[in-house]
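Okay, so here's the structure we're looking at.
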Amino acid sequence: MFKNFFGYQLVQEYHQKKATHRKERSSNPTLIKLVIAIIVSLVLWNLPTSAFGIPNLTVVEQRVIAVFAFATLMWLTEAISSWATSVVIIVVLLYTCSTSGLWLFTEGYDEATLGTLIGYKSLLYTFADPIIMLFLGGFVLAIAATKTGLDVMLAKVMLKPFGTKPANVLLGFILATGVFSMFLSNTATAAMMLTFLTPVLKSLPADGKGKIGLALAIPIGANIGGIGTPIGTPPNAIALKYLNDPQGLNMNLGFGEWMMFMLPFALLILFIGWILLLKLFPFKAKSIELNIEGETKKDWRSIVVYITFALTILLWVCDKFTGVNSNVVAMLPVGVFCAIGVIQRRDLEEINWSVLWMVAGGFALGVAMQDTGLAAHMIESIPFNTWPPILMILGSGLLCYLLSNFISNTATAALLVPILAVVGTAASENLAPFGGVSPLLIGLAMSASLAMILPISTPPNALAHATGMVEQKDMMRVGIIMGLIGITLGYVMLIFIGKAGLL
């Protein structure tokens, strides 16, 4: 998180509370979770290959299954941090399953029994996958916007038209938060908007429910808004990678194409969220005065940032017309801002590298499944074509939604997307009447962002809960309703546009 970001202190408090909570808990439960995960993984590692029921399963493929199980248990239990789990995954795969692994993991096996080793470069490349560069560009844009005051200026411009009527102010905060979340991290967006909102909350009547609605507007906007663009949230980028993989589905889905259908959907759900909050938490106050503080710089570097910010977004939206890949576009602000001195060495230290490493770990699991042949063997041995396609699509979305309420939505996507990409490939004919593989994978990303029933579900939820204005029961009620409406409308939309051949 960037130290000069508006609301940085809120994020610091949030992380400090989490750290304090971890210290207060006994270390034994964490150790037990870790030991259980290791034991389960070792059992899977050492079982006879015939025990898995997958014909022609090789030793390397079996190891990948064991590593996948370890990742699942670690991400579910959070015995260690999610990003640390990702790094461990890549290191274990490098030393035990790659072409540059330790000799003791390859000696004593004939080629057929051992199977195909993963190219070590393929695993290391996951740290610099083009999608990682897309996120890096997004982070750099966010840092530059903060340093030049562009974020404050945009907030003022976006909120001013909504006036002082409480219902309109609520809509303004939901939409502004949603738009910011499409290009900034949802945590940073929530922290910034809560900083602007805090004085407003204090000025509202103590016995009014409107302040609850305003506080909840921030996580709703931050969580839902991220659906609108590929860089809005990591699950989007993970899904996009597998949809566009030249060796996989190779759909060549562009940044602008994603926004063409997911942006209107996100705005619709934000509007529904506004109506829901007005119904559940009516205002007593007749008017709300906003006073957004913050300085907007007007030196030549700041002007270059404003122009580059606008140009980057324009190139992203028009990537199909310009022919410039969105991942390449992401490097434009990186190059420009570093060259003019807006981004400096210390700013690079503030980039959220843990998110990038978390995503890389998920990509590494996908590389391992593909390169070892495990994905192909799964397709051959499991009768995916016999599964009801609608159950496959909706069931995977509901599973993703349930998991994402309790663990990181990035971890959930990293676990499920590689598997569902394999499933979708195998069952592509059955899925065709429902729009093909796209609703399956994009639906996962969408479902992950709609999961927000608990304070622990997402950082924006935790930040809103920390204001003291929102009780868990209120968050749960709103989260469940928003989740059900969002998943229902989302899958109807995805299946419709898939059938129409728009994906």
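Heavy atoms only: backbone and side chains are in, while hydrogens, waters and symmetry mates are out.
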Quick one: salt bridge (Lys or Arg N to Asp or Glu O under 4.0 Å) partners of [X], sequence neighbours excluded?
X	value
Asp371	none
Glu429	none
Arg346	none

Worksheet entry | Partners meeting side-chain hydrogen bond (donor to acceptor under 3.5 Å, both in side chains) with Asn186 (sequence neighbours left out) | none
Worksheet item: Ser428: what forms a side-chain hydrogen bond (donor to acceptor under 3.5 Å, both in side chains) with it, not counting sequence neighbours?
Response: none
Okay, side chain of [X], backbone of [Y]: is any donor-acceptor separation there less than 3.5 Å?
X	Y	value
Arg301	Gly341	no
Trp357	Phe127	no
Ser181	Thr177	no
Arg63	Thr96	yes

May I have the list of side-chain donor-acceptor pairs in residues 405-416 shorter than 3.5 Å, sequence neighbours left out?
residue : atom : partner : partner atom : Å
Asn405  : OD1  : Met452  : N            : 3.0
Asn405  : OD1  : Ile453  : N            : 3.0
Asn405  : OD1  : Ser457  : OG           : 3.4
Asn405  : ND2  : Tyr401  : O            : 2.9
Ser408  : OG   : Thr410  : N            : 3.1
Ser408  : OG   : Ala411  : N            : 3.2
Thr412  : OG1  : Ser404  : OG           : 3.4
Thr412  : OG1  : Ser408  : O            : 3.0

Worksheet item: Is there any salt bridge (Lys or Arg N to Asp or Glu O under 4.0 Å) pair reaching into residues 120-137, and which pairs are they, with sequence neighbours excluded?
Response: Asp129-Lys241
Discussion item. Filter on salt bridge (Lys or Arg N to Asp or Glu O under 4.0 Å), then keep only pairs touching residues 318-328, sequence neighbours left out; what's left?
Written reply: Glu257-Lys320
Worksheet entry | Results of ring-ring contact (aromatic ring centres under 6.0 Å, His included) for Trp316 - residues two or more places apart only | Phe255
Apply side-chain contact (heavy atoms from CB on, under 4.5 Å) to [X] and list each qualifying residue two or more places apart in sequence or on a separate chain.
X	answer
Ala368	Val64, Leu93, Ile118
Met331	Met133, Val334
Lys297	Asp299, Ser302

Worksheet item: Going by atom types only, do Thr233 and Asn236 share a side-chain donor-acceptor pair under 3.5 Å?
Response: no
Worksheet entry | Side chains of Asn223 and Thr458, donor plus acceptor under 3.5 Å | yes
Search all heavy atoms of [X] against all heavy atoms of [Y] and return the closest pair with its distance.
X	Y	result
Asn327	Asn325	N-OD1, 2.7 Å
Pro333	Leu141	CB-CD2, 3.7 Å
Ser86	Gly362	OG-N, 4.5 Å

